[in-house]
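Have a look at the structure below, then the notes.
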Number of protein chains: 2
Amino acid sequence: MFSFEQLRGFVAVAEELHFGRAAERLSMTQPPLSRQIQKLEREVGVRLFDRDNRGVALTPAGTAFLREATRLLALAEAAPDLARRIASGTVGTIRIGFTAASTFGVLTDVLDLVTAALPQVEIDLYEMVTREQVEALLAHEIDLALARPPFDPALFGSRLIRREELVVAVPAGHALTTLDRPVEVGDLAGEPLVMHSATKARYFYDLVVGLLPVEHHNVVHTVSQIATMTWLVASGRGLAFVPRSASLLGIAGVVHLPLVTREPKPVELHLLWPRDSANPALPLALETLRALDPDATPRGLT
Amino acid sequence: MFSFEQLRGFVAVAEELHFGRAAERLSMTQPPLSRQIQKLEREVGVRLFDRDNRGVALTPAGTAFLREATRLLALAEAAPDLARRIASGTVGTIRIGFTAASTFGVLTDVLDLVTAALPQVEIDLYEMVTREQVEALLAHEIDLALARPPFDPALFGSRLIRREELVVAVPAGHALTTLDRPVEVGDLAGEPLVMHSATKARYFYDLVVGLLPVEHHNVVHTVSQIATMTWLVASGRGLAFVPRSASLLGIAGVVHLPLVTREPKPVELHLLWPRDSANPALPLALETLRALDPDATPRGLT
DNA sequence: AGAACATGATGCGCGGACGGTATCAGGCCA
DNA sequence: TGGCCTGATACCGTCCGCGCATCATGTTCT
């Protein structure tokens, strides 16, 4: 195989059509350059120059090889720079895991901030439930997740990015909609309930259980996704506790009523990332995302 | 600048994720391979592998650099092969000069033959008059011309590829069209004549002068292109001597009448090429074009 | 015609780079 | 704690490629 030095020598001679001048341009003397070209021709298996005692001319094969050599050198020139920019994090890819409904209103903020600050960083989105997110983070299949507590702080870094109200989703026309004050837990006695899965939606499950005693005969369905839950409410199967931003789903036939809770905004969403991430773009993205205000109102909500 | 050996070493380690196995694959021992990678990393300015005492993993920069390295090696692999095929003539470009009208019916045969036999040889066409063709051949701006004698045999190789009749072009309805025998030179006494340029269309000029005494008061126009000549005939300015294939031009209002000449087919067209051509595809094309029969009837003529 | 000049190619000697052998340093496992 | 795995380092010999000097040959100027 030929070397880059040989290619550079070849290109110089091809451009100067003169061994002496080409050698000078390469800061070397003419004899080794001649030998370089000879060796290159031997290795390529083709005469690249027609040369006599008066000058040098490219053969047709040499003309074609010149194009290839130029491309090779350009690529070789650019490759380290690309690698350095990847390493610096200003270009690259960040893979973000998110749950379909629960991140409504935050994901767009995240995307806007990152693409504005790091335009050369590509963002890949992966829709998955929280448990899958955790596994994917550990397997380094994603770099960043939008997830809910609790997390193992030894494995993950995290930061609160959104804090919102828990509200009650009821079918349009339900008796509670006539209430002229926030719903209290006591108002819900005997109402059928669409409940969160204790395993797949652990966060909401714990939140609701801490709020009121879940009487099993009231639970008509157990699901894991906020969207599914809202559809069930719309079809009149029962009520559900959902984050306020669920109204952004825009599902017809559902009304979201304010709810009195101990904490005014008990539903938290966090950024989550593996502490041992090797993605150089991640720290830059996290720095950028400091601008997120957990108490901001998602766009589309009043 | 890094070397191809370093790139190969890098790719091997990136694929094996193990220095020892990679070294074995490269038929070398592990220590120099380690140093190769270290040196490569120094030259690129970026750590390409995360390595501890148990294994090796690509960094993000390393992943990106792997793509580039693979491309570089593939290109470097392919370049000599390309050059060799160019040198062998089975791929490449042949530039052909031709005159607009005079080569009607031959050029398509030439193109068909060459593209069939040498599908990877590209053909560039250059329309130019015979004198320009000769200059272009000498300057190596074209590789092959379709031209008419005479040529300097010291500079050019040539071969007869078409021999055809000289006919008389007359306007439709002209008195001669009622003749029920071939036209003879004597029939043309006093007829106005559209004549070939003595400089730019020397071949036809000499041919016509050898046929009949050109009386200058009969010459109404002097032009160099057969097409122009035929248009002038169509507009009734006079008669003209043109090769039989000129009828392929399909210009309305012109009739081509047989003419009695000393030679039955006095109009010759030759392939012409510079003896010092460096185009490896040219000999192959010429060999292919041996199949041309000078006495064949051009397609479209009966 | 002949000398001066220009071209690229070749002979030779030296220094540096690279590969191999032997060994080291650190983490996992029994 | 001692073997065993990983990649890194020390040292040495060889070979490759550079520069210097010179050659072979063709052009050009006097």
Whether Arg25(A) and Glu16(A) form a salt bridge (side-chain N of Lys/Arg under 4.0 Å from carboxylate O of Asp/Glu) is what I want to check.
yes

Winner on side-chain proximity to Gln38(B), out of dC16(D), dT9(D), dC18(D), is dT9(D)

Between Glu268(B) and Arg148(B), is there a salt bridge with N-O shorter than 4.0 Å?
no

What one-letter contact string describes nucleotides 21-26 of chain D from 5' to 3', where B marks a base within less than 4.0 Å of any protein heavy atom, S marks contact via sugar-phosphate atoms alone, and - marks no contact?
B---BS

Enumerate the residues from residues 14-22 of chain B whose closest heavy atom to DNA chain D is under 4.0 Å, giving them by residue number; use none for an empty result.
His18(B), Phe19(B), Gly20(B)

Any salt bridge between Glu5(A) and Arg8(A), counting N to O under 4.0 Å?
yes

Nearest whole angstrom, please: distance from the C1' of dA8(D) to the CE of Met28(B).
14 Å

From dC16(D), dC18(C), dG19(D), nucleotide with atom closest to Lys39(B) side chain:
dC18(C)

Ignoring backbone atoms, establish whether Thr29(B) has a side-chain N or O less than 4.0 Å from OP1 or OP2 of dG19(C).
no

Is there a donor and acceptor pair closer than 3.5 Å between the side chain of Arg35(B) and the base of dG7(D)?
no

Measure the distance from CG on Leu40(A) to P on dC16(D) and round it to the nearest whole Å.
17 Å

Taking Glu43(B) first and then Arg84(A), would you say they form a salt bridge - that is, a charged N and a carboxylate O separated by under 4.0 Å?
no

Can you check the Glu24(B) CD to dT6(D) C1' distance for me, whole Å?
16 Å

